[in-house]
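Step one of this worksheet: look at the structure below.
Given the structure is predicted, the values throughout are model-derived calculations rather than measurements. In this chain, residues are counted from 1 in sequence order.
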Amino acid sequence: MRGLLNRKAGRGGWAAPLSLLLAAVVVLTAGSFAFTFVHLNRVAQLSGASITGWSFSEFVRQTAEVQVLVARGATAAQLEVPLAILQSKGQVVADERLVDQLSAVERDALQRTVETVQAFTPARLSRAGGVEQMEAVMGVALRTYTAALQALDRQRSGIAANLRAAERTLTGLGALLVILSVFTVSSLLRNAARALATEVRRTREAERARAELERGAEALRAAQAEAQRERDFAVQLTETMGEGLIVTDADGQFSYVNPAFAALVERAQAELLGEPVDRVLPDLNPWPADGTGRRVAEVVLRRPDGQERQVLVTAVARTTGGQIAVLTDLTDLKRAQARLRALYDVVAAPGPGAGSGPGDAELNWTLTRLLQLGRDAFGGVGAYAVPDGTSWRLTLLVGPVDPEDLQVRAGLLDCAARSGPDGRHCGNGQVCTVPVRVGGETRGVLIFQRDSLDLPFSAADEDYLRLIGQWAETHAEREQAGTLLRSSEARLKAIVGASLDAIITSDERGVITEFNPAAEQIFALPQASAIGQPMAQLIVPPGMRRAHTLGMERVRGGGPDRMLGQRLELFACRADGQEFPVELSVVRLPTVPPVYAGFLRDITERRAAEAQLRDRTVQLDSVFKVSPDGFVTFGPDGRITESNPAFERLTGLSAAELAGLDEAELEALLVARSEAVPLAGLGGDAVQVVCPARRVLKRATRVMKGRDGEALGRVMYFRDITPEAEISLMKSEFLSTAAHELRTPMTSIYGFTELLLTRSLDGDTTRDLLDTIYRQAGRLIVLLGELLDLARIEARDRQDFEFLEQPLAPLVRGAARAFTPPGDTERLHLSVPDDLNVRVDAAKFQQALGNVLSNAFKYSPGGGDVHVQVAAAPGAAVTVRVTDRGVGMTADQARRAFERFYRADTSGRIPGTGLGLSLVQEIMRCHGGEATLTSVPGQGTAVTLSFPAAAPAGGAAGSVPAQAGHP
């Protein structure tokens with residue numbers, strides 16, 4: 001070119017203008033290239049911005065998914081993975097370049113929302129208020145997504161204008177540089193076509209995201225409608241329940257009362273709302289202080305009209321402040337108890353004829369007291385009428401009525417006539433009659449009449465009066481039984497002659513005066529030979545004759561006779577001198593002079609049967625008492641007759657508390673000492689008692705039958721299945737936690753892998769996703785390795801361990817070197833004596849110590865020294881103590897530190913599986929030692945590994961290695 005210019009200059013002298021023109025073309029071309037380069041960069045930025053817009057839409061979609069789950073009442077476990085993905089996508093959106101194109105208000109709102117999302121926990125979202133929090137996040141996400149789309153549109157419009165300007169510039173220069181223009185334009189068109197295709201694809205993706213968002217919004221609306229229906233059902237339930245229900249706020253004021261409570265206090269619902277609780281329930285103090293408190297108390301509720309009601313209040317505290325309480329009106333129950341107590345006092349008190357047998361005087365006295373009970377309970381008049389031929393007559397009248405008032409008497413007799421013949425209980429509001437029937441025959445009618453027409457007899461009142469009638473029937477039956485007894489005395493003498501028991505009478509000198517046929521058969525002695533003979537010489541064994549003679553002399557002298565009225569088992573003597581066991585009862589007949597009657601029965605066979613039964617009973621009683629399982633027996637009447645010590649020990653109920661209870665009352669006692677327990681896989685009827693200790697009892701009931709098949713009662717059997725229940729619960733918790741711990745990293749791996757397969761991402765984003773997949777895969781490998789270690793240790797029971805007696809110092813230093821993070825060697829301080837020998841499996845011990853050291857560094861994010869101290873007193877256990885100055889733990893966290901999968905840090909910022917310390921504990925137990933932990937929040941944690949000491953290092957020479965599997 002220079003030579004050509006030189007030739008041109010030599011020919012015409014126009015080289016200078018041409019050089020200027022060429023320089024101008026070069027400058028203009030360079031400017032055009034620069035102009036085009038700048039706008040092509042903007043096109044590239046537009047492609048990147050489109051990816052950013054897709055990230056915004058993904059953030060909105062994931063927010064909608066979590067919002068729907070929260071609205072449906074998902075559990076914390078169900079929210080954990082979706083929430084983790086939402087937090088990851090929120091962080092990606094916050095770091096994108098397009099955020100700088102938003103306004104300051106929108107950037108601040110987005111930043112605050114992302115920080116709020118990062119602070120969310122599954123437990124927090126699953127509680128009340130989670131739906132409102134997610135609605136706020138969704139609002140900000142939608143606004144920022146819309147603003148991002150608008151910013152993208154503005155950039156697209158600017159880029160399109162710049163592309164048109166670049167096209168016009170390159171077209172003007174095409175005449176000067178055809179080849180360069182064609183190349184440049186074709187390249188520009190190709191880039192523009194690619195950018196346009198990318199934009200079209202991103203636009204379609206945005207449309208699909210918007211359609212998916214609309215579907216999520218529709219699902220959210222459906223979930224909200226379902227939640228509203230459930231709330232309406234809960235309101236209807238509380239509005240119709242029979243017990244009073246109140247809800248108070250943190251200031252101690254009513255925030256809700258149901259109609260039953262408003263009726264109980266005779267106030268309007270609207271009037272009670274906002275009123276302090278102390279004005280209505282002043283006796284209910286103190287309320288439970290926190291969400292775990294529960295209080296049950298009986299209080300007095302005073303109505304506006306001055307009436308007092310006995311109320312049972314069950315109150316629990318709300319986590320947001322205030323209380324929820326259920327109030328049950330006990331007034332009628334208390335009144336019924338008082339009535340029953342008064343009735344019992346009447347029937348238990350002896351009448352004026354007590355001791356002389358039942359008769360009319362005692363019956364009338366009892367009936368009068370029963371009528372007075374009805375008079376005290378209901379007021380008005382009480383009467384007792386008896387049949388008198390075809391009519392009725394009043395025999396007793398209690399109440400403010402003139403005995404000569406024929407109108408009242410006629411009304412009472414009319415009621416008796418209408419209810420007496422067929423035994424119906426007549427009740428017409430003001431009057432209630434209760435027939436007294438004996439043997440299916442009406443003996444009389446109790447009549448109760450109230451003064452006031454405004455207080456009719458209720459069903460409970462009629463039940464109480466029927467109970468009074470039952471007691472009256474009982475006394476009438478006693479009267480009838482007395483009559484029958486007196487009529488049977490005439491037949492008694494005839495029966496004596498046919499009695500199977502020996503009946504022998506004697507005078508005060510001991511001479512036999514009567515000897516019935518049964519006595520002749522038992523003693524092998526005819527009556528004629530026995531009468532008139534001294535009893536001592538005839539039927540009393542020789543060894544007892546002196547005592548018998550002295551006893552008779554004492555009685556004749558006015559002294560006490562210890563044998564009278566007693567059922568004694570003694571020995572008697574037959575005519576041939578054979579002694580045999582007899583059952584003897586001696587009574588003194590009311591004659592002058594006194595005559596003594598002895599009733600004697602040969603119990604030889606019974607003694608043998610009793611001995612056999614006694615041996616059998618002793619065996620069964622021993623089994624009953626020493627059995628580890630609980631037994632409760634019920635008699636034919638359905639009430640408890642006996643309970644063994646095992647049942648009393650399992651439930652804390654004494655025999656005195658159980659005596660006489662029926663099955664329903666026993667069930668109520670067990671329910672009061674029990675709580676709900678998941679029993680999946682255990683089967684049967686089981687309860688969990690919490691007093692005196694927490695136990696799970698499996699119950700079974702069987703009917704006891706006699707030889708003839710008649711029911712003798714029931715026996716209830718309780719077996720302590722606490723270990724089985726604990727194992728079942730531990731298995732369920734382990735499977736749930738293991739599934740959760742495995743699912744969390746697998747979800748991340750699956751999601752990010754799917755993203756890499758379906759999206760074309762830049763190199764940095766791709767590497768970040770691959771790093772995440774690598775970390776989660778590593779977490780899975782560590783988790784599975786620790787699970788396998790635990791399973792192997794438990795299954796083989798130390799069989800994989802190889803215990804050797806060796807110095808401890810090299811093991812501790814080796815573990816410190818292996819598990820100390822790079823750059824933290826100056827933070828670790830060792831204090832290890834060289835003269836301590838231990839019997840350990842070196843690899844397993846270093847694994848346990850390494851886990852403890854790893855935790856010490858991980859949970860000290862702010863730095864701080866870590867100390868390892870080894871010590872042992874002579875003959876004492878060797879301890880390895882690791883102390884850090886990290887975040888520490890609360891007492892509850894420290895108590896659960898050795899549980900599998902338990903982690904004190906739930907934020908996810910500190911990596912770990914929750915299996916490290918449980919593995920440490922298993923390894924130490926296999927060494928015959930243990931691992932313990934103490935911690936103070938904010939001050940650090942100390943973990944101590946202890947195991948039996950071996951010989952000093954100096955005596956280790958020549959020691960024989962321990963057999964593998966035995967420390």
Contact summary for [X] and [Y], nearest pair of heavy atoms:
X      : Y      : answer
Met889 : Ser935 : N-OG, 2.7 Å
Gln111 : Ala94  : OE1-CB, 4.2 Å
Ala76  : Ala123 : CB-N, 4.0 Å

Worksheet item: Can you check whether Leu196's main-chain N or O pairs, donor with acceptor, with Arg201's side chain at less than 3.5 Å?
Response: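 No: the side chain of Arg201 does not pair with the backbone of Leu196.
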Discussion item. For the backbone of Ala856 and the side chain of Ser860, can you confirm whether one donor and one acceptor N or O come within less than 3.5 Å of each other?
Written reply: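 Yes, the answer is positive, given that a donor and an acceptor are paired below the 3.5 Å cut-off.
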Discussion item. Are Leu125 and Met134 packed together at the side-chain level, in the sense that at least one heavy-atom pair is separated by less than 4.5 angstrom?
Written reply: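 When only atoms from C-beta onward are counted, Met134 and Leu125 do touch, with a gap below 4.5 Å.
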Worksheet item: For Arg72, what residues pass the side-chain hydrogen bond (donor to acceptor under 3.5 Å, both in side chains) criterion, not counting sequence neighbours?
Response: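 Arg72 satisfies side-chain hydrogen bond (donor to acceptor under 3.5 Å, both in side chains) with no other residue.
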Worksheet entry | By side-chain hydrogen bond (donor to acceptor under 3.5 Å, both in side chains) - contacts of Thr63 (at least two apart) |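 side-chain hydrogen bond (donor to acceptor under 3.5 Å, both in side chains) list for Thr63, sorted by chain: empty.
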Discussion item. Taking side chain to side chain contact (heavy atoms under 4.5 Å, CB included) as the definition, give me every residue that meets it alongside Ala147, ordered by chain and number, with sequence neighbours left out.
Written reply: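 Checked Ala147 against side chain to side chain contact (heavy atoms under 4.5 Å, CB included); matches are Leu102, Glu106.
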Practice prompt. Kindly write out the residues that satisfy side chain to side chain contact (heavy atoms under 4.5 Å, CB included) with Gln87, not counting sequence neighbours, or none if the list is empty.
Written response: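 Applying side chain to side chain contact (heavy atoms under 4.5 Å, CB included) to Gln87 gives Leu83, Val117, Gln118, Phe120.
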Fill in: salt bridge (charged side-chain N to carboxylate O under 4.0 Å, His left out): pairs with one or both residues in residues 885-898, sequence neighbours excluded
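Sorted pair list: Asp892-Arg895, Arg896-Glu899.
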May I have the list of side-chain donor-acceptor pairs in residues 211-222 shorter than 3.5 Å, sequence neighbours left out?
| from | atom 1 | to | atom 2 | distance (Å) |
| --- | --- | --- | --- | --- |
| Glu218 | OE1 | Arg221 | NE | 3.4 |
| Glu218 | OE1 | Arg221 | NH2 | 2.5 |

Worksheet item: Salt-bridged, Glu207 to Arg210, with N to O below 4.0 Å?
Response: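 Looking at Glu207 and Arg210, the cut-off is met.
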Item to complete: Compute whether any side-chain donor of one residue and acceptor of the other, for Gln67 and Gln133, lie under 3.5 angstrom apart.
Response: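 Result is no, nothing qualifies.
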Worksheet item: Between the side chains of Asp768 and Thr765, is a donor N or O closer than 3.5 angstrom to an acceptor N or O?
Response: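 No.
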Worksheet entry | Between OH on residue Tyr145 and CZ on residue Arg61, distance to nearest 0.5 Å |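 One finds 12.0 Å between OH of Tyr145 and CZ of Arg61.
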Practice prompt. Would you please indicate yes or no on a ring centroid separation below 6.0 angstrom for Phe261 and Phe254?
Written response: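 Centroid distance Phe254-Phe261: below 6.0 Å, so yes.
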Worksheet item: Is atom CZ of Arg767 surrounded by more than 12 heavy atoms (other residues, nucleotides or ligands) closer than 6.0 Å?
Response: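 Not more than 12 within 6.0 Å, no.
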